[in-house]
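Letters go in sequence order (proteins before strands), and every chain restarts at 1.
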Amino acid sequence: MKATVIVTLKPTVLDPQGMTIQRSVQQLGMANVADIRQGKYFDIDLKDGASKDEVERLAKEVLTNPVIEQYRIVWES
Amino acid sequence: MKATVIVTLKPTVLDPQGMTIQRSVQQLGMANVADIRQGKYFDIDLKDGASKDEVERLAKEVLTNPVIEQYRIVWES
Amino acid sequence: MKVSDELLSQHGITESEYRKIVGILKREPTLTELGIFSVMWSEHCSYKSSRVHLRRLPTRGPAVLQGPGENAGIIDIGDGLAVAFKIESHNHPSYIEPFQGAATGVGGILRDIFTMGARPIAAMNSLRFGPPKDVKTKHIVEGVVGGIAFYGNCFGVPTVGGEVVFSNCYTQNPLVNAFALGIFRKDQIFYGRATGVGNPVIYVGAKTGRDGIHGATMASAGFGEDAGAKRPNVQIGDPFMEKLLLEACLEAMHKGLILGIQDMGAAGLTCSGCEMGARAGTGVEMELDHVPQREQNMTAYEIMLSESQERMLLVADKSREKEVFEVFHKWGLDAVTVGRVTADGLLRVRHHGEIVAEIPNKALADEGPVYQRPLMPPASAPGGKFDLYPFLDGCSSLAGVFLEADANPGNQDYNRLLKLAAGSPNLACKQWVWEQYDHMVQSNTMMGPGSDAAVIRVKGTKKALAMTLDGPGYRIARHPREGAKLAVAEACRNIVCSGGRPLAATNCLNFGNPEHPEVMWQFSEVVDGMSEACNTFDTPVTGGNVSFYNETLGEDIYPTPVIGMVGVIEDLSLVTPSSFVDAGDAILLVETAQLLNGRVDLEEEKALQNFVADAIRRRLVKSAHDLSEGGLAVAIAESCFSNFHRKAEGAEVEIPSRNGVCRDLFGDYTSRIILTTTEPRELRRSAENAGLACLDLGKVGGRLLILKYEGHRAVDIAINELETAWRQGLPQLL
Amino acid sequence: MKFGVVIFPGSNCDHDCYYVIESVIGKPVEFIWHQDTSVQGFDAIVLPGGFAYGDYLRTGALARFSPVMSAVGEFAQQGGLVIGICNGFQILCEAGLLPGALLKNVGMKYVCKYLQLRTETAQTPFTNALSKGQLLHIPIGHGEGNYFADAETLKRLEDNGRVVFRYMENPNGSIHDIAGIVNGGRNVLGMMPHPDRSSEAILGSADGKLIFESMVNALVTK
Ligand SMILES: Nc1ncnc2c1ncn2[C@@H]1O[C@H](COP(=O)(O)OP(=O)(O)O)[C@@H](O)[C@H]1O
Ligand SMILES: [Mg+2]
């Protein structure tokens with residue numbers, strides 16, 4: 001089983017990385033880009049018999065810092 | 001229009017972050033996690049009238065380091 | 001196997017080299033063997049073009065414990081302690097992928113140091129780029145600096161100094177030279193030797209992947225149109241893994257578990273295996289099925305040639321194998337026995353039950369081809385427009401302004417010129433670069449980046465170490481032999497100004513294509529100049545690195561030797577800053593009797609350095625700063641600027657009139673040092689006794705920098721305004 | 001009185017902290033291995049700077065799972081003195097022993113330099129040798145020192161005098177210029193600047209020593 005976890009900064013948290021990219025994009029003349037926010041992406045391979053709960057726990061307790069981040073999981077089987 | 005760009009390391013390129021996370025996770029007793037590879041995730045807001053080509057260019061020329069990374073774009077309208 | 005011409009050329013092996021291989025093996029090589037020969041006999045690993053010249057370098061001296069031939073040179077610093085240091089290039093990888101290329105360059109040189117048992121306590125780097133206004137250059141600078149910071153900071157070694165130079169010739173061939181220095185007890189040195197027949201050969205560290213296969217051969221050819229096509233070679237650095245490797249290796253060494261050890265750098269398992277065998281006169285047998293692998297279905301060829309980072313090969317006593325495993329496992333690292341030491345002198349490699357290579361270690365490590373390549377002086381050196389103003393090389397827009405001032409010194413605004421010079425790429429403050437480096441970790445840094453030499457104290461003693469990198473490229477391009485002498489002289493002068501005594505040197509020789517007779521001539525001249533100077537200053541060369549093929553589309557870079565000099569400061573209280581200390585101090589200029597440009601009189605220079613060293617020992621000196629590019633005006637300005645621990649101090653100075661105001665302000669004349677003191681008379685007297693000129697220039701103090709020339713104020717500027725120009729120079733360009 | 005300095009894989013200021021405690025302030029100190037499950041016998045614990053677990057995932061994120069961290073948590077709960085410097089601060093936040101989080105510097109780059117720090121309160125076991133408003137000359141060296149907390153947390157920190165240090169010139173974008181905070185019990189301090197690098201005049205400043213000396217005072221009077 002495979003799963004993908006996407007971790008992004010909460011909307012209330014400033015994203016300096018996204019802002020820097022946004023600036024360089026504007027300098028390059030890509031004027032149509034209104035906003036970029038950067039997040040992290042994790043491709044996870046699971047052994048047979050792994051449960052969705054385990055991935056949920058992984059995403060919540062390890063991959064995300066709840067003070068600043070939020071996550072979502074995309075399943076693939 | 002919105003698009004998501006996902007940038008990941010090419011499969012043959014070493015991913016020290018992913019490896020280290022996976023090892024820690026195993027020690028935490030999440031034994032079913034076989035492999036983790038980390039990538040970047042970009043949420044992009046586009047102004048009206050932006051073309052898909054522009055996003056393609058952004059992904060290719062700005063967000064990806066072609067020496068070690070690859071990208072894919074997910075569209076949302 | 002049928003070996004085609006095409007296969008040979010892919011491996012960079014010539015016809016005659018191939019015949020030699022067949023002669024050694026007494027049969028045709030297997031593909032794996034061909035690969036092994038190709039990397040070991042590559043320019044990068046075999047020094048086939050440079051070896052005949054390098055022999056002329058002085059390598060012995062009372063302080064030298066280990067000269068060239070091991071992973072790093074070692075010198076005795078007293079108190080039962082020794083330091084290991086070396087410099088290495090990572091030029092080609094850094095052009096292809098600036099961040100990872102520079103990062104793995106740092107990783108490689110650090111491994112060279114700790115593989116000998118020394119804990120790295122300082123790093124430096126010498127960087128050359130094209131002009132900063134070029135977009136591609138900006139990207140390379142960002143990447144290289146970011147990569148060095150990423151690796152060194154995480155590993156936990158302070159990056160305490162280095163150089164950044166911009167010039168057109170490096171646009172397509174940036175240079176990234178990384179230096180590292182480590183410290184240990186002199187009775188605890190480890191060597192890369194596979195001793196003791198029957199002992200296990202143990203692989204530790206990261207798993208092997210298909211990274212950087214043929215990296216050594218890549219560094220042994222120029223770039224053509226297809227530089228991009230060579231990209232799959234890129235290795236990724238994992239400084240965290242290397243930090244664990246450091247701690248585990250040192251722990252295993254201190255427990256007495258290790259007999260021989262070598263890092264896997266260029267040519268990976270191949271190089272460490274055969275070199276360790278060759279040095280000990282033994283054979284090494286390896287079973288590749290045991291090698292930890294990251295990727296599926298790797299061939300023997302790939303495993304032997306992989307340049308995956310953060311790996312080491314070691315030999316332990318057979319009775320202590322398990323203890324070795326325990327140490328590495330404690331640090332969370334792989335440690336696997338992959339073979340044994342044998343008596344037959346062969347590198348024997350098995351894979352899936354078959355022998356895939358069987359080659360005498362010595363043939364690979366010591367009997368590579370040696371070429372006496374043709375030499376020829378070039379028809380013309382770069383034009384001498386900038387002889388007095390070498391900092392202008394690579395700054396086309398500024399060059400005109402200064403050359404015009406040189407021709408018409410009378411009616412110029414020297415405030416403006418000084419601001420322009422101070423903010424020019426080659427002279428501007430490099431804080432943008434070194435602020436990204438952790439230069440304080442390990443809490444030894446007394447003088448970090450920005451001073452003449454970096455100074456770090458040695459815990460547990462009264463001593464400090466001083467170190468510097470110097471490579472005046474434009475000078476050397478103009479006159480390789482004289483330029484090389486200047487480089488050594490300047491490196492020693494920097495050490496002396498900080499209160500130290502230079503002990504020994506390392507060097508990185510960055511050159512173009514050795515198959516160009518002009519390049520080989522430059523190389524030979526540089527080696528001779530360096531030898532002469534190192535003999536004069538009693539600073540033997542304990543090691544180094546040669547990087548050839550820094551050429552793109554037939555264009556060679558300037559010959560660019562970079563000298564790394566290491567010295568000892570006998571007492572912490574003698575550490576001397578390059579910036580002014582207190583208002584009211586007298587400013588003196590000491591110089592040799594004749595004013596030289598572009599060359600150095602070594603004996604006079606030595607007298608100058610001895611005088612300054614002695615004056616510092618007699619505690620007559622509060623600050624000492626050597627003059628180099630930018631001349632007297634820029635040197636005085638630099639001494640005025642604020643630093644982390646002190647506010648800016650102005651100065652009022654009389655510039656001696658000699659060759660016209662522009663030259664006297666900005667001209668780069670050799671062998672000069674500015675000192676500040678509260679005892680000007682005593683200093684002048686001693687200088688005159690030593691046959692040196694010593695001029696009273698003026699006093700430290702105030703908020704202005706005033707430079708008087710023939711009775712009027714040529715420069716009269718608020719020091720803060722000048723400092724802003726100097727600090728903003730680089731950030732504005734980048 | 002015994003100090004303990006925790007070694008995580010990737011810690012690189014562990015020896016610096018050890019040196020200051022042993023050779024500069026002259027107090028007993030031992031290393032604590034991250035796999036240890038007890039911190040018994042120690043009176044104060046230092047989480048040193050560095051790149052624990054390479055700072056991979058997030059700074060401090062993987063270190064907080066090290067076995068020693070449960071022991072450190074209990075030790076803190078019982079009022080034991082814990083100081084986290086730089087990476088140590090990041091670990092304390094990840095472990096929930098201090099509120100908030102440390103984001104990437106707004107400039108996106110690692111910054112190593114000396115700066116001025118203002119002491120906001122002397123009412124902690126880490127600052128009793130300082131006075132409120134006292135300026136410290138002290139270096140930073142970090143890529144992720146941009147302190148963030150939500151409005152409610154911030155208010156609590158400010159109202160209770162838990163902001164211990166503030167930057168005079170903000171180098172990283174930290175909210176309210178925060179450089180260091182304590183927990184509600186005031187026995188756990190996290191700070192980005194490095195007192196361990198500024199405890200000897202020959203290194204440019206001995207101001208950092210005052211923080212270690214405050215800890216000694218607190219332990220003596222305890
Ligand atoms: N420019 C040089 N000056 C002096 N010694 C050199 C120089 N270049 C290389 N050497 C020495 O030659 C030896 C061969 O280097 P080697 O260890 O095979 O390669 P590497 O540099 O890849 O580790 C080393 O001991 C090195 O110090
Ligand atoms: Mg080596």
Side-chain angles (χ1 to χ4, degrees), chain B residues 1-47 50 54-74 76, chain D residues 6-12 14 32-38 47-74 84 86-88 90-97 101-110 142-144 146 148:
Chain B
M1 191 169 60
K2 274 171 183 279
T4 301
V5 178
I6 294 162
V7 177
T8 50
L9 287 168
K10 289 181 185 170
T12 54
V13 170
L14 177 71
D15 175 15
Q17 297 225 45
M19 248 171 42
T20 305
I21 299 167
Q22 195 255 347
R23 248 186 312 173
S24 303
V25 162
Q26 293 246 310
Q27 278 165 12
L28 285 177
M30 300 186 182
N32 283 323
V33 177
D35 190 32
I36 299 186
R37 285 181 72 81
Q38 181 166 349
K40 295 176 198 157
Y41 178 93
F42 300 92
D43 259 327
I44 300 166
D45 263 352
L46 295 157
K47 296 190 185 145
E54 277 178 284
V55 177
E56 189 77 35
R57 236 187 88 210
L58 171 66
K60 188 166 172 174
E61 292 173 22
V62 182
L63 303 181
T64 308
N65 175 352
V67 181
I68 48 177
E69 294 170 332
Q70 59 196 9
Y71 68 92
R72 64 179 201 272
I73 304 179
V74 181
E76 223 179 288
Chain D
V6 178
I7 304 180
F8 295 99
S11 293
N12 65 30
D14 40 355
I32 302 173
W33 185 239
H34 70 112
Q35 297 282 12
D36 290 354
T37 47
S38 155
L47 304 190
F51 290 67
Y53 293 88
D55 273 359
Y56 295 148
L57 185 58
R58 295 179 308 275
T59 55
L62 298 175
R64 97 172 141 107
F65 296 112
S66 275
V68 77
M69 283 309 291
S70 342
V72 171
E74 277 165 36
C86 198
N87 195 219
Q90 294 161 339
I91 295 169
L92 288 172
C93 287
E94 280 284 342
L97 293 176
L102 292 141
L103 302 172
K104 266 198 196 328
N105 295 351
V106 280
M108 292 302 295
K109 292 187 163 58
Y110 186 98
H142 60 246
E144 318 203 350
N146 176 355
F148 172 86

side-chain contact (heavy atoms from CB on, under 4.5 Å) evaluation trace for Ser24(B) with Tyr53(D): CA-CA 9 Å; Ser24(B) 303; Tyr53(D) 293 88; 3.9 Å; yes
Chain B contact via Leu57(D) - side chain, backbone, both or neither, heavy atoms under 4.5 Å: both
Residues forming a side chain to side chain contact (heavy atoms under 4.5 Å, CB included) with Lys47(B), sequence neighbours excluded: Asn32(A), Ala34(A)
Interatomic distance, Leu62(D) atom CG to Leu28(B) atom CG [nearest 0.5 angstrom]: 8.5 Å
